[in-house]
Engineer: 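Let me begin by handing over the structure; questions about it come next.
Predicted model, so just to flag it, every value in this text is computed and none were measured.
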Amino acid sequence: MYEPNRLREPILDWYSENARDLPWRRTDATPWGVLVSEIMLQQTPVARVLPIWTMWMVRWPTPADLAAESSGEAVRHWGRLGYPRRALRLHGCAQAIVADHGGEVPSDYTTLRSLPGIGDYTAAAVASFAYGKSHAVLDTNVRRVLARAVSAEEFPPNATTSAERRIAEALIPPVGAARWAVAVMELGALVCTARAPRCADCPIKARCAWHLAGKPAYDGPARKGQTYEGTDRQCRGRLLAVLRQAHGAVPKAALDVVWHDSVQRERALDGLISDGLAEALDGDSYRLPV
DNA sequence: CAGGCGTGGGT
DNA sequence: TACCCAAGCCT
């Protein structure tokens, strides 16, 4: 096995010099702020999260503040961040935190993991970043860095493997686990990127197994590419945008005009309703859930 | 476990 | 210009 400090020390040093000043990383950020940021950052770039997160923290500074609102308001103020079911789940987190945890974001991994929208990554991230606990924080950035640095692969497997988890756990320092986690993530986000890694700027290029092997091209199974144009997802997005922008009941005719295919439109609308993102009212109109 | 789930910026 | 893909989760 490799010597963990060969990777840790240069990455931690690099982080000291290159960490972005993100509001949810500041010392005055609350656990709630960290939790909100983590949900918003799922599959979503930092630059798009920043303004929405800031507005949410002003509007709903505590879980109790959000829990007191309707879920529809959470969806409305999600704006165009994407994957709006996350807004519903965050609202569900707030309600569970108030109902079951005295209004305080839990600090325990297992408890966090039981909240809506919080999976393995987010539970580990919140426990680490909000409470300084020691967990393997395996997001797409960390997985890519470790695939390269340790396994000499350009990309990690499609699904997280036990081997990856073993590698990540072996690298956790006995002290400062949370700082280590955010440092590796930051390296993946800023330097060891998916498309065009900036190896020239990398603090571990001399120790990276993939770099040392001559950066061999990825030869594993094809990675899933996503289509969007013409899909139900796009249709749902169009419909929900109308509901978000209108305050109150939206006549069906106002939804009909944003998507031509009526079969697909009906299916998408039914999907939004069954997901809890929309409500049908009497008189053939719709709105965000109250 | 593979597929569904938004959106917009970088290359 | 067309992809590629960005701090995943749920079913």
Engineer: Using a strict 4.0 Å threshold on nitrogen-to-oxygen distance, state whether A/K252 and A/D284 make a salt bridge.
Structural biologist: no
Engineer: So, does A/Y83 get its side chain near the phosphate of C/dG8, meaning an N or O under 4.0 Å from OP1 or OP2?
Structural biologist: no
Engineer: Distance check: side-chain N/O of A/T122 vs OP1/OP2 of C/dC9, anything under 4.0 Å?
Structural biologist: yes
Engineer: A/R85 has a side chain; which of B/dG8, B/dC5, C/dA7 sits nearest to it?
Structural biologist: B/dC5
Engineer: Choosing from B/dT7, C/dA7, B/dT11, which nucleotide comes nearest the side chain of A/E38?
Structural biologist: C/dA7
Engineer: Given atom CD of A/E229 and atom P of C/dC4, what is their separation to the nearest angstrom?
Structural biologist: 15 Å
Engineer: For A/R195 and A/Q42, find the nucleotide of DNA chain C closest to each by heavy atoms; which residue's nucleotide sits nearer the 5' end?
Structural biologist: A/R195
Engineer: How many Å lie between CE on A/M40 and P on C/dG8, as a whole number?
Structural biologist: 15 Å
Engineer: Which is true for A/W24 with a 4.0 Å heavy-atom rule: it touches a base, it touches only sugar-phosphate, or it touches nothing?
Structural biologist: base
Engineer: Determine whether any donor atom in the side chain of A/T140 lies under 3.5 Å from an acceptor atom in the base of C/dG8, or the reverse, and answer yes or no.
Structural biologist: no
Engineer: Considering only C/dC5, B/dT11, C/dA7, which nucleotide approaches the side chain of A/R144 most closely?
Structural biologist: C/dA7
Engineer: Just checking A/E104: does its CD atom have more than 12 heavy atoms from other residues, nucleotides or ligands closer to it than 6.0 angstrom?
Structural biologist: no
Engineer: For the pair made of CG in A/D232 and C1' in B/dT7, what is the distance, rounded to whole Å?
Structural biologist: 16 Å
Engineer: Verify the contact: side-chain N or O of A/R236 to OP1 or OP2 of B/dG6, cut-off strictly under 4.0 Å; return yes or no.
Structural biologist: yes
Engineer: Tell me whether the centres of the aromatic rings in A/W60 and A/W32 are closer together than 6.0 Å.
Structural biologist: no
Engineer: State whether the distance check finds a donor on one side and an acceptor on the other, under 3.5 Å, for side chain A/R233 versus base B/dG6.
Structural biologist: yes
Engineer: Do the charged groups of A/R166 and A/E169 touch, with an N to O distance under 4.0 Å?
Structural biologist: no
Engineer: So, does A/R80 get its side chain near the phosphate of B/dG8, meaning an N or O under 4.0 Å from OP1 or OP2?
Structural biologist: yes
